[in-house]
Amino acid sequence: MTPVELCISHFGGLRQLAKAIHRDPAAVSRWKSTHGCIPHTVQKKLLQAAWDRGINISAHDIIFAKGKYDTQHDLWQYNFNGNTGIIWQ
């Protein structure tokens, strides 16, 4: 799941996300074609909108989407557009 897909899901849909951050739904939809990345110019506003609505999302989530923590190796694993990656702690 990409960061855009994650945020759309948390906000309850593309239009709801767009409205929450005062963007055109078409603009938010285009983010899906940019590897699912959320533009850095919107990330802070998106985080604030999520927190204002009680949506449990972090800065890590809007950059890398959800991953899982590998306690054995002390790192985060994530799947981004079908590619698996790691983030060291």
Side-chain angles (χ1 to χ4, degrees):
M1 178 175 280
T2 67
V4 171
E5 292 168 339
L6 179 72
C7 290
I8 289 171
S9 173
H10 276 295
F11 276 84
L14 189 140
R15 289 186 183 279
Q16 293 88 333
L17 171 59
K19 184 176 180 179
I21 59 172
H22 308 288
R23 297 286 174 158
D24 182 62
V28 175
S29 182
R30 281 192 297 274
W31 298 347
K32 291 192 268 182
S33 65
T34 60
H35 306 290
C37 295
I38 297 169
H40 69 90
T41 55
V42 180
Q43 292 173 357
K44 183 178 178 183
K45 188 173 200 170
L46 193 150
L47 269 178
Q48 189 62 55
W51 294 340
D52 289 347
R53 289 162 176 76
I55 297 171
N56 185 19
I57 197 167
S58 70
H60 182 275
D61 295 337
I62 67 168
I63 295 170
F64 298 107
K66 292 283 186 188
K68 64 179 183 179
Y69 187 69
D70 180 346
T71 55
Q72 181 181 0
H73 298 102
D74 192 29
L75 54 85
W76 280 94
Q77 296 179 338
Y78 62 96
N79 188 309
F80 192 72
N81 283 347
N83 299 311
T84 301
I86 59 171
I87 301 173
W88 295 100
Q89 290 295 331

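From a predicted model like this one, the values you see are computed outputs, not experimental measurements.
Checked against side chain to side chain contact (heavy atoms under 4.5 Å, CB included), D52 has the following partners two or more places apart in sequence or in another chain: Q48.
For K44, the NZ atom is loosely surrounded, since the number of other residues' heavy atoms within 6.0 Å does not exceed 12. Crowding of R15 atom CZ: a count of heavy atoms from other residues, nucleotides or ligands under 6.0 Å not exceeding 12.
Note that OG1 of T2 is 7.5 Å distant from CD1 of I8, once rounded to the nearest 0.5 Å. Going from atom CD1 of I63 over to atom CD1 of I38 covers 9.0 Å, rounded to the nearest 0.5 Å. Atom-to-atom distance recorded for S29:OG and L17:CG is 11.0 Å, nearest 0.5 angstrom.
Between P3 and I62, the shortest heavy-atom contact is CB-O, 3.3 Å. The shortest heavy-atom contact between N56 and H10 is O-CE1, 4.0 Å. For the pair I21 and A49, the tightest heavy-atom approach, listed with the atom from each and the gap, is CG2-CB, 4.1 Å. Taking every heavy atom of both residues into account, T41 and R23 meet most closely at O-NH2, 4.5 Å. Nearest approach of W31 to C37, heavy atoms of both residues: CB-O, 3.7 Å. Shortest non-hydrogen contact noted between C7 and L46 is SG-CD2, 3.7 Å.
Checking side-chain atoms of Q43 against main-chain N and O of A59 turns up no donor-acceptor pair under 3.5 Å. A donor-acceptor pair under 3.5 Å links the side-chain atoms of W51 to the main chain of I57, judged by distance alone.
In this structure, the side chains of F11 and K19 stay at 4.5 Å or more apart for every pair of heavy atoms.
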